[in-house]
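Below is one structure, written out as structure tokens, with a few remarks after it.
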Amino acid sequence: MSIVEELERRGGVASRQQLVAATSRGELEQALADGGVVKLARGRYALPTASNARRAAHEISAVAVGLSAAAHHGLLLKWQPRRPQLVVPRGRRVPAAAQQANDVSWRRVPEGAVQDGWVLTPAFTVLDCASRLPFDEALAVADCALRFGAVSWEGIEQAQLSWPRGASKRVRRVLEVADADAQGPFESVLRAIALGVPGLSVVTQHRVDVDGTFIARVDLADLRLRIVLEADSFEFHGLPELMDKDCKRYDELVIEGWMVLRFSWSQVMTKAAWVRSVLERAVAARERQLLLSA
């Protein structure tokens, strides 16, 4: 896996330790030299999404929005934007070359929505993503913004007062389920899929205890059906002691009556229809079991 692929898998930002473990020191240094990776701070690296958007916004006097704004605010993303996402006022002429290099739209930006003269504030970024992106991508942005403290519920509510009402339904759908406990885009996207499955109702980062003894903290859990969904990165499974811990955790959950479903990053991010079908079949199986035991 390349440095860029590893950063994309992690939402766009990672530590030096994580990148070197997945690739090598040499590859990281080469990526920095080539400009494919930028250094945010000591030991923190990112894809150049935000810096590219900032440069493009200044070149055509635009405002960075959507995923480009989210990247600037350090939020983790399901997918990086292919081109800087920018907004200019209606009627503004934008050179053809700039339109080809950037994802430009013409619309009004609400008063007070712009920070530092070129990018949406975090609160307005959450609303912009919620109103224009697919549900799973928007949920990942909202979850991360709340988790990192980039926004507060009060800040979002204040921003909504000046947000166009035409997008309120899409925004409301995201905000109704946004959760600061979500641990990253991988988990957020899995939850977005689960939320679309009839009969399945999951909570985030559920702690499982048996007779007062801690068994596991799971990514997502349906408490009624006793189904656990795990966004399984397999990151440390090469270490024997961590493999043992993971196996013990899985076995304890199964013994206690939980159905444990584990999904890889590629399955969740690129095979959503299959993941949904698995969840639908799991719900049907659990419902049959509940009916038989009633």
Side-chain angles (χ1 to χ4, degrees), residues 1-2 4-12 47 66-67 70 75-83 85 103 126 128-144 147 167 169-179 181-206 218-235 237 246 250 253-254 258-291:
M1 184 176 294
S2 71
V4 170
E5 289 171 332
E6 179 65 12
L7 275 166
E8 288 178 338
R9 189 177 70 85
R10 292 183 175 277
L47 293 169
L67 295 177
L75 306 183
L76 306 181
L77 312 176
K78 177 188 178 184
W79 302 121
Q80 301 294 310
R82 298 179 65 181
R83 299 177 295 167
Q85 297 179 344
D103 181 359
V126 169
D128 189 53
C129 290
S131 64
R132 296 179 180 277
L133 294 181
F135 175 64
D136 58 347
E137 294 188 54
L139 183 60
V141 170
D143 283 350
C144 189
R147 177 190 171 201
K169 185 176 181 180
R170 291 172 63 91
V171 171
R172 186 165 57 250
R173 184 188 179 203
V174 172
L175 297 184
E176 282 176 349
V177 295
D179 193 334
D181 289 334
Q183 298 299 295
F186 186 3
E187 183 184 307
S188 295
V189 174
L190 178 56
R191 192 166 97 260
I193 298 171
L195 288 167
V197 176
L200 189 63
S201 179
V202 295
V203 296
T204 304
Q205 292 299 307
H206 178 64
V218 300
D219 293 332
L220 302 169
D222 185 307
L223 306 186
R224 180 180 71 89
L225 297 176
R226 294 180 72 79
I227 297 175
V228 162
L229 312 183
E230 290 282 78
D232 203 332
S233 68
F234 301 100
E235 187 171 359
H237 287 189
D246 192 51
Y250 176 84
L253 287 168
V254 172
W258 291 89
M259 177 189 288
V260 182
L261 303 175
R262 302 166 72 174
F263 299 100
S264 70
W265 184 90
S266 63
Q267 289 169 340
V268 170
M269 299 303 195
T270 66
K271 299 179 176 65
W274 176 81
V275 172
R276 179 188 170 99
S277 75
V278 170
L279 299 182
E280 290 172 340
R281 284 177 279 159
V283 169
R286 279 307 215 198
E287 294 286 10
R288 287 195 297 269
Q289 291 173 355
L290 288 176
L291 186 62

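Residue numbers run from 1 in the order of the sequence given.
No donor-acceptor pair closer than 3.5 Å links the side chain of E137 to the backbone N or O of F135. Side chain of R281 to backbone of S277: a donor-acceptor contact under 3.5 angstrom is found. The backbone N or O of S264 sits less than 3.5 Å from a side-chain atom of Q267, completing a donor-acceptor pair. Side-chain atoms of Q80 come within 3.5 Å of backbone N or O of G11 as a donor-acceptor pair. In this structure a side-chain-to-backbone donor-acceptor pair under 3.5 Å is missing from S188 to P185.
Residue G66 comes nearest to D128 through the heavy atom pair N-OD2, 2.8 Å, listed as atom of the first residue, atom of the second, then distance. Listed here is the closest heavy atom pair of L225 and R286: O-NE, 2.8 Å. L77 approaches V141 most closely through the heavy-atom pair CD2-CG2, 3.9 Å. The two residues G199 and D222 have their closest heavy-atom pair at O-OD2, 3.8 Å. When all heavy atoms of A138 and C129 are compared, the pair lying nearest together is CB-O, 3.4 Å. Closest heavy-atom contact between L261 and A282: CD1-CB, 3.7 Å.
In this structure, CZ in R147 is found 11.0 Å from CG in L75, a value given to the nearest 0.5 Å. Once rounded to the nearest 0.5 Å, the distance linking OG of S201 with CG of L223 reads 8.0 Å. Of the inter-residue distances, the one linking E230 atom CD with E187 atom CD reads 8.5 Å to the nearest 0.5 angstrom. Atom CG in D136 sits 8.0 Å away from atom CG in L139 (nearest 0.5 Å). Within the model, atoms CD1 of I193 and CH2 of W274 stand 10.0 Å from one another, a figure rounded to the nearest 0.5 Å. In this structure, L190 CG and D232 CG are separated by 11.0 Å, a value rounded to the nearest 0.5 Å.
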Can I get a per-line list of side-chain donor-acceptor pairs under 3.5 Å for residues 170-177, giving both atom names and the distance, sequence neighbours left out?
from : atom 1 : to   : atom 2 : distance (Å)
R170 : NE     : S131 : O      : 2.7
R170 : NH2    : L133 : O      : 2.8

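Take R83 and apply the salt bridge (charged side-chain N to carboxylate O under 4.0 Å, His left out) test, not counting sequence neighbours, and it matches no residue. Judged as a salt bridge (charged side-chain N to carboxylate O under 4.0 Å, His left out), and not counting sequence neighbours, the contacts of D143 are R191. Every residue two or more places apart in sequence or in another chain was checked for a ring pair (Phe, Tyr, Trp, His ring centres under 6.0 Å) with W258, and none qualifies. Take D103 and apply the salt bridge (charged side-chain N to carboxylate O under 4.0 Å, His left out) test, not counting sequence neighbours, and it matches no residue. By the salt bridge (charged side-chain N to carboxylate O under 4.0 Å, His left out) test, E287 is found to be paired with R224, residues two or more places apart in sequence or in another chain being considered.
Proximity of M269 to W79: side-chain heavy atoms (C-beta onward) are separated by under 4.5 Å at one or more points. Between I227 and V202, every side-chain heavy-atom pair lies at or beyond the 4.5 Å cut-off. Under the 4.5 Å side-chain criterion, counting only non-hydrogen atoms from C-beta, L279 is in contact with F263.
Checking V228, D246, L229, D219 one by one against R262, the side-chain contact (heavy atoms from CB on, under 4.5 Å) holds for a single residue, D246.
Comment: E6 engages R10 in a salt bridge, judged by a side-chain N to carboxylate O separation of less than 4.0 angstrom.
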